[in-house]
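Letters A, B, ... mirror the listed sequences (proteins, then strands); counts begin at 1.
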Amino acid sequence: MERRKALSLLVHGGSATAALVVGIPTLMYAVTPTSRQPSGPLWRDLGPLDSFPIGAYRAAKIQHSLASQAAQAVLSGVYVWRINEQTLVVFSRSCTDLGCPVTFDRRSECFLCPCHGGIFDKHGQRMAGPPDRPLYRYDVRVVDGILQVDLASVPPMV
Amino acid sequence: MAFKRTQAMWEWTKDRFALQRIWQHVLDRRVAKGAWYFGDGATLFLLFCVLLATGAALTLGYTASPDKAYQSVRDISWKASFGWFVRGLHYWSAGLMVVMLCFHLFRQIMVGGYKSPREATWLIGVLLFFGVITMSLLGYVLRWDERGLYGLRVALNIFYRVPWIGESLVYFVQGGREITAVTLSRVYSAHVIFGPLMLIGLVGYHMYLVIVHSITSPTERKQPVRSGTEQRRVYQRDAQSEERGEVFFPETVAKSGLMAAVVLATALALTALYGTARLYPEANLHETSHPAEEWWWSWFSSLAAYLPPWLATPVYVGFPLLLFVCLILLPFVERTPYRGIRNRPFATLGVAACVIALLGLSSLRIASPWTAWPQPTPPPAPDGMQLPPIAEQGRLQFAAFGCNSCHAIDGHGPRVGPDLAKLRRTWSQAELRKFILQPPPDVAMPPYRERMTEQQLDEVVSFVLVVQTARQR
């Protein structure tokens with residue numbers, strides 16, 4: 001009986017060790033993306049500043065960097081509102097409810113979401129529907145006449 | 001002589017492949033009779049097999065890379081021979097599986113199928129429920145069209161709302177900062193490797209437990225049964241009895257197989273009728289798009305649309321968690337001895353309420369009265385109404401200023417704002433002017449104070465003044 005108990009302990013311990021030795025690294029590998037979150041800003045081009053006329057809302061597409069091109073990143077769309085020469089607001093097209101693509105209705109000057117009734121005013125403030133916060137705004141800067149946005153200034157799925 | 005040899009070979013096969021034991025312990029055993037609707041389990045098993053076969057076949061032509069995925073799905077659908085059939089059957093079987101899964105779940109709640117000694121069967125079933133529901137979303141992400149990509153993004157936005165770990169969950173699913181090739185790889189691997197492997201294991205175990213603990217017998221459905229021990233005694237008596245028991249093969253198999261056959265025939269008919277699932281424009285996050293979920297998720301969109309902002313996160317995150325916890329706890333909390341639909345009026349009422357809610361919300365989604373969207377043309381004047389020139393001018397302004405993105409005129413247009421031909425009272429010119437220039441703060445309407453000229457305002461107001469009388473004649 002003693003021998004049997006010892007053997008059983010050995011078998012259980014051995015199986016558990018094998019499972020952990022294989023399982024833990026495998027699990028660590030699977031969750032790599034959560035620990036390797038890039039810190040600091042990620043500037044991406046939107047286009048020449050001149051292509052955004054003052055006072056207008058323009059739809060634009062975030063441009064590929066070399067890295068994102070290699071990764072075949074799906075590029076997000078944004079709306080650029082150039083308030084005056086110096087001030088620009090870049091709204092994400094991702095509805096703050098569940099991420100459906102809002103459309104700027106030029107005629108009513110509202111952002112309309114096609115999914116669950118989210119409506120935002122021209123400043124991105126919520127007017128109707130389930131969204132519990134205003135539209136996401138990117139940090140912006142202008143380098144050599146090129147308008148850039150910081151991907152790290154909005155949540156990762158935006 | 002030849003016959004004898006064949007028989008000898010058959011005996012050998014039975015012995016060496018141990019078929020005799022399967023025959024004894026699974027097929028040639030007496031079981032209690034079930035009702036007609038007990039075929040839902042067999043139906044799910046058949047659909048699962050169909051999904052495994054068609055899904056495995058689809059991987060032969062699919063490329064899990066963002067630049068090729070969409071084209072590969074097109075090629076499967078319209079170039080490969082019978083590709084439309086394989087993909088169509090996969091799609092329709094998946095949809096019907098979600099429906100049958102709900103049927104199965106609701107039916108077990110009504111019958112009390114989770115009661116002792118079947119708690120473990122139920123627990124595995126709950127895991128299967130969430131597994132299949134997850135697969136039903138992951139599957140259409142792989143199409144890599146707008147619908148699939150926005151489906152994924154809805155899921156990511158729900159994950160992001162999870163307290164503490166939300167952002168990490170998004171990184172985990174996306175595989176990085178953005179949606180990239182890694183994201184598609186992860187979804188592919190989840191839908192094609194991890195999901196099926198786990199489901200195969202769980203389905204196998206679920207069915208093993210169904211063989212061991214069997215189904216709710218006729219006597220159980222009639223009289224209260226207090227414990228697992230009592231259930232086993234009652235069950236054995238039913239199984240052995242002439243009128244309440246039968247042999248599993250072929251009687252039970254044939255009966256439950258009938259429902260499975262009907263549902264498979266439905267999937268085949270839908271495939272033949274509608275062909276393969278529609279493909280929307282290729283996945284992108286920058287074009288103007290009007291995406292929607294697959295039909296078995298419609299109820300969720302209606303539910304979301306009616307959430308006040310403060311309830312959004314609690315419902316998106318809490319509802320699935322609460323559902324999981326409730327289903328897991330159900331057999332340990334609801335311990336009354338009553339089984340069978342007739343003895344469980346409250347279960348039936350609860351299920352009926354759920355079904356009505358699901359169907360009601362789903363049908364609401366067809367009209368989606370909460371969706372405002374730019375309309376290409378001005379609304380027509382109400383039937384039989386001659387508009388004076390200034391009001392006609394106003395009708396055009398009504399579109400030019402996007403009033404018709406939200407307002408309908410006599411049923412024509414979105415229903416987000418009130419239909420201006422069906423206002424509850426007649427508005428005066430002064431009231432309308434004031435409202436349009438600066439709507440009250442609690443009204444979801446943009447102010448036109450700085451946008452309209454005096455003349456444009458007059459025109460719009462005249463138009464509304466005229467049409468608001470349309471229903472009052």
**Student:** Testing the basics here: between A:Val158 and B:Arg153, what is the closest heavy-atom pair and its distance to 0.1 Å?
**Tutor:** C-NH1, 3.6 Å
**Student:** Pick one of side chain, backbone, both or neither for B:Asn284, based on which atoms fall under 4.5 Å of a heavy atom in chain A.
**Tutor:** backbone
**Student:** Under a 4.5 Å cutoff for heavy-atom pairs, which residue among A:Ser76, A:Gly118, A:Cys113 has the most contacts with chain B?
**Tutor:**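 Looking at each option in turn, the highest pair count goes to A:Ser76.
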**Student:** By a 4.5 Å heavy-atom criterion (distance strictly below it), what part of B:Tyr150 contacts chain A: side chain, backbone, both, or neither?
**Tutor:**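 Interface part for B:Tyr150: side chain.
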**Student:** What residue, out of B:Ser302, B:Ala304, B:Ala312, has the most heavy-atom pairs lying under 4.5 Å from chain A?
**Tutor:** B:Ala304
**Student:** Given heavy-atom pairs under 4.5 angstrom as the criterion, report whether the side chain, backbone, both or neither of B:Val416 touches chain A.
**Tutor:** side chain
**Student:** Taking only residues two or more places apart in sequence, or in another chain, which ones meet A:Cys110 in a disulfide (SG to SG under 2.5 Å)?
**Tutor:**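 Counting only residues at least two positions away or on another chain, A:Cys110 forms no disulfide (SG to SG under 2.5 Å).
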**Student:** For the residue pair B:His286 and A:Gly77, what are the closest heavy atoms and their distance?
**Tutor:** CB-CA, 3.6 Å
**Student:** Locate the shortest heavy-atom distance separating B:Pro374 from A:Thr103; write the atom from each residue and the value.
**Tutor:** CG-CG2, 4.4 Å
**Student:** With a 4.5 angstrom heavy-atom cut-off, is it the side chain or the backbone of A:Pro155 that approaches chain B, or both, or neither?
**Tutor:**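 Interface part for A:Pro155: both.
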**Student:** Do B:Ser65 and A:Gln72 have side-chain atoms, one donor and one acceptor, less than 3.5 Å apart?
**Tutor:** yes
**Student:** Assess whether a salt bridge exists between A:Arg93 and B:Glu287, defined as any Lys/Arg side-chain N lying under 4.0 Å from an Asp/Glu carboxylate O.
**Tutor:**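 No, A:Arg93 and B:Glu287 are not salt-bridged.
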**Student:** Relative to chain A, which segment of B:Leu149 carries a heavy atom at a distance below 4.5 Å: side chain, backbone, both, or neither?
**Tutor:**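 Only the side chain of B:Leu149 comes within 4.5 Å of chain A.
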**Student:** Under a 4.5 Å heavy-atom cutoff, which of B:Glu146, B:Glu167, B:Arg161 has the most pairs with chain A?
**Tutor:** B:Arg161
**Student:** Examine whether an atom of A:Ile62 lies under 4.5 Å from a heavy atom of chain B, and if so say whether it belongs to the side chain, the backbone or both; otherwise answer neither.
**Tutor:**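 No part of A:Ile62 comes within 4.5 Å of chain B.
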**Student:** Identify which part of B:Phe159 has an atom lying under 4.5 Å from any heavy atom of chain A, answering side chain, backbone, both or neither.
**Tutor:**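 Neither part; nothing is under 4.5 Å.
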**Student:** Between A:Arg126 (side chain) and B:Pro309 (backbone), is there a donor-acceptor pair under 3.5 Å?
**Tutor:**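 Looks like no, no N/O pair under 3.5 Å.
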**Student:** Would you say the side chains of A:His116 and B:Ser301 form a donor-acceptor pair under 3.5 Å?
**Tutor:**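 A donor-acceptor contact under 3.5 Å links the two side chains.
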**Student:** Top residue by heavy-atom pair count (under 4.5 Å) with chain B, among A:Ala152, A:Gly117, A:Gly99, A:Ser35?
**Tutor:** A:Gly99
**Student:** Between chain B and each of A:Ala128, A:Ala71, A:Cys95, count heavy-atom pairs under 4.5 Å; write down the option with the most.
**Tutor:** A:Ala71
**Student:** Counting heavy atoms not belonging to A:Arg58, are there more than 12 under 6.0 Å from its CZ?
**Tutor:** no
**Student:** Hey, does the side chain of B:Trp373 reach the backbone of A:Asp105 with a donor-acceptor pair shorter than 3.5 angstrom?
**Tutor:**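 Answer holds: no.
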**Student:** If you count heavy atoms of other groups shown closer than 6.0 angstrom to CZ of B:Arg278, is the number above 12?
**Tutor:** no
**Student:** At their closest point, which heavy atom of B:Arg177 faces which heavy atom of A:Val154, and how far apart are they?
**Tutor:** NH2-O, 2.6 Å
**Student:** Within a reach of under 6.0 Å around CD of B:Gln455, are more than 12 heavy atoms found that belong to other residues, nucleotides or ligands?
**Tutor:** no
**Student:** Over all heavy atoms of both residues, which pair between B:Glu178 and A:Ser68 is shortest? Give the atoms and the distance, please.
**Tutor:** OE1-CB, 4.1 Å
**Student:** Assess whether atom CG of A:Leu66 is packed by more than 12 heavy atoms of other residues, nucleotides or ligands within 6.0 Å.
**Tutor:** no
**Student:** Can you tell me how far CG of B:Leu285 sits from OG of A:Ser94, rounded to the nearest 0.5 angstrom?
**Tutor:** 8.0 Å
**Student:** Using a 4.5 Å heavy-atom cutoff, which residues in residues 394-408 of chain B come close to chain A?
**Tutor:**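 Within residues 394-408 of chain B, the residues that come under 4.5 Å of chain A (heavy atoms only) are B:Ala399, B:Ala400, B:Phe401, B:Gly402, B:Ser405, B:Cys406.
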**Student:** Examine whether an atom of B:Gln375 lies under 4.5 Å from a heavy atom of chain A, and if so say whether it belongs to the side chain, the backbone or both; otherwise answer neither.
**Tutor:**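 Contact with chain A involves the backbone of B:Gln375 alone.
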**Student:** Is any side-chain heavy atom of A:Leu98 less than 4.5 Å from a side-chain heavy atom of B:Tyr160?
**Tutor:** no
**Student:** Taking atom CZ of B:Phe194 as the centre, report whether more than 12 heavy atoms of other residues, nucleotides or ligands fall under 6.0 Å from it.
**Tutor:** no
**Student:** Would you say that more than 12 heavy atoms from the other residues, nucleotides or ligands in this model lie under 6.0 Å from the CG of A:Asn84, or not?
**Tutor:**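 Yes.
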**Student:** So for B:Tyr316, is it side chain, backbone, both, or neither that comes closer than 4.5 Å to the heavy atoms of chain A?
**Tutor:** side chain
**Student:** So which of A:Cys100, A:Pro101, A:Pro114 actually passes side chain to side chain contact (heavy atoms under 4.5 Å, CB included) with B:Ser289?
**Tutor:**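 Of the listed options, the one satisfying the test is A:Pro101.
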**Student:** Restricting to non-hydrogen atoms, name the atom on A:Ala30 and the atom on B:Phe172 that form the minimum distance, rounded to 0.1 Å.
**Tutor:** O-CE1, 3.3 Å
**Student:** Select, from B:Pro291, B:Pro308, B:Ala292, the one with the greatest count of heavy-atom pairs under 4.5 Å involving chain A.
**Tutor:** B:Pro291
**Student:** Decide side-chain contact (heavy atoms from CB on, under 4.5 Å) for B:Tyr171 and A:Thr32; before the verdict, give the C-alpha distance in whole Å, the side-chain angles of both, and the deciding distance to 0.1 Å.
**Tutor:** CA-CA 9 Å; B:Tyr171 276 98; A:Thr32 320; over 6 Å; no
**Student:** Are the side chains of B:Gln174 and A:Pro33 in contact, using a 4.5 Å heavy-atom criterion?
**Tutor:** no
**Student:** I would like to know whether B:Thr288 and A:Phe104 meet side-chain contact (heavy atoms from CB on, under 4.5 Å); could you show each step before the answer?
**Tutor:** CA-CA 9 Å; B:Thr288 298; A:Phe104 184 68; over 6 Å; no
**Student:** For chain A, which of B:Ile179, B:Leu156, B:Ile165 has the most heavy-atom pairs under 4.5 Å?
**Tutor:**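 Of B:Ile179, B:Leu156, B:Ile165, B:Ile179 has the most heavy-atom pairs under 4.5 Å with chain A.
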**Student:** Which one wins on heavy-atom pair count under 4.5 Å against chain A: B:Pro369, B:Ser368, B:Pro446, B:Ala283?
**Tutor:**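 Looking at each option in turn, the highest pair count goes to B:Pro446.
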**Student:** Count the heavy-atom pairs under 4.5 Å between each of A:Leu151, A:Val102, A:Val78 and chain B, then report the option with the highest count.
**Tutor:**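 Heavy-atom pairs under 4.5 Å are most numerous for A:Leu151.
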**Student:** Distance check, rounded to the nearest 0.5 Å: A:Asp97 atom CG versus B:Leu307 atom CG?
**Tutor:** 8.0 Å
**Student:** Is the shortest heavy-atom distance from the side chain of B:Tyr306 to the side chain of A:Pro130 under 4.5 Å?
**Tutor:**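 Sidechains of A:Pro130 and B:Tyr306: no contact.
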